[in-house]
Amino acid sequence: MVGLSLGEKQFIHGGIAQDLRTDGRKRLHYRPISIETGVIPQANGSARVRLGATDVIVSIKAELGKPSSLQPDKGKVAIFVDCSSTAAPMFELSGKWKMVLGRGGEELSSELSVALQRCLLGGKSGAGAGIDPSSLVIVEGKLCWDLYIDGLVVSSDGNLLDALGAAIKVALSNTGIPKVTVILGPSPNDQPDVDLSDEEFLQFDTTGVPVIVTLTKVGRHYIADATLEEESQMSSAMSVSLNRHGHICGLTKRGGAGLDPSVVLDMISVAQHVGEQLMSMLDSEIAAAEAAAVQEQ
């Protein structure tokens, strides 16, 4: 919760109405974005993304597991988010102060985890998933990769969902999965033996992994990449998960105010346009990070 005077609130609303925000951006522009890859050596892949003063880290860990009996042709993906106590003072609040001043870290972590799952993993059937679980199967019904995606909010200045979504996409592009040699047993019921390579790694395919674009409604207008101060003035916000082709992979809304169906359709259209720009920015940053990593080697 951001404490603003009446004058500051009017300044934010007035600027957005005139398409000139307090930091000089237009309504649909993102803050400068920077990325680092390979920040956690022990993980299969990792990335740090800074979006203005919002700073998040994502690590990817791949472990061998057994597919669910209900979905024997699919691997498993789990997404968890943790909020560092240094990210914002509100994360340390508890009891009556949390009720008055804002959400605690555990509640916000849970909300972000659920929203990311909706935006990236599609429905329960796997339909619309931005991360294809069938690509994680090694031997149907017997062996698969379990992908654990862990996010950490280091610093929060708004638009956490988009930053975490971008960090997941970048971290997956940095993920190498060990090459697996499978030796099947004489009986179909036998669990196969596996040999994991220490030298050969398969690059995770991020072609279908989407970006998340959140449009925040302040007054009569909606803005992209809202800061914490701007979020404190919102009536509602809608996050759209979009792949490289502009197809919707997921959708989530927060805030108490409802949205007219025609407004929702317009916001989706705007999000698709903004998503193209965000995808291009990330592609450029990923290419630069990969080139820097090659030079260091």
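Residues: numbered from 1 along the sequence shown. Scope of the values below: all heavy atoms of this structure, side chains included, with no hydrogens, waters or symmetry mates.
From L161, atom CG reaches atom CG of L116 across 5.0 Å, with rounding to the nearest 0.5 Å.
In this structure, K217 contributes its side chain and G219 its backbone to a donor-acceptor pair below 3.5 Å. The backbone N or O of V209 sits less than 3.5 Å from a side-chain atom of K169, completing a donor-acceptor pair. At distances below 3.5 Å, at least one donor-acceptor pair connects side-chain atoms of S232 with backbone N or O atoms of E229. In terms of modelled atom types and a separation under 3.5 Å, the side chain of S110 and the main chain of E106 share no donor-acceptor contact.
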Stepwise side-chain contact (heavy atoms from CB on, under 4.5 Å) test for S236 and K253 = CA-CA 7 Å; S236 61; K253 176 192 171 293; 4.1 Å; yes
Start with the C-alpha gap between T214 and S239, add the side-chain angles, then the distance that decides, and say whether side chain to side chain donor-acceptor pair (under 3.5 Å) holds.
-> CA-CA 4 Å; T214 299; S239 299; 2.7 Å; yes
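Between D225 and the options R27, K26, R31, a salt bridge (charged side-chain N to carboxylate O under 4.0 Å, His left out) holds for only R31.
Looking at T54 and D157, their side chains never bring a donor and an acceptor atom within 3.5 Å of each other. For the residue pair Y30/D162, the side-chain donor-acceptor check at 3.5 Å is satisfied.
Between D198 and K179 no salt bridge is recorded (no basic side-chain N to carboxylate O distance below 4.0 Å). Taking the charged nitrogens against the carboxylate oxygens, E231 and R254 do have a contact shorter than 4.0 Å, which makes a salt bridge.
Side chains of I212 and I168 form no contact here, defined as non-hydrogen atoms less than 4.5 Å apart.
Closest approach of P67 to L143, counting heavy atoms only: CD-N, 3.5 Å.
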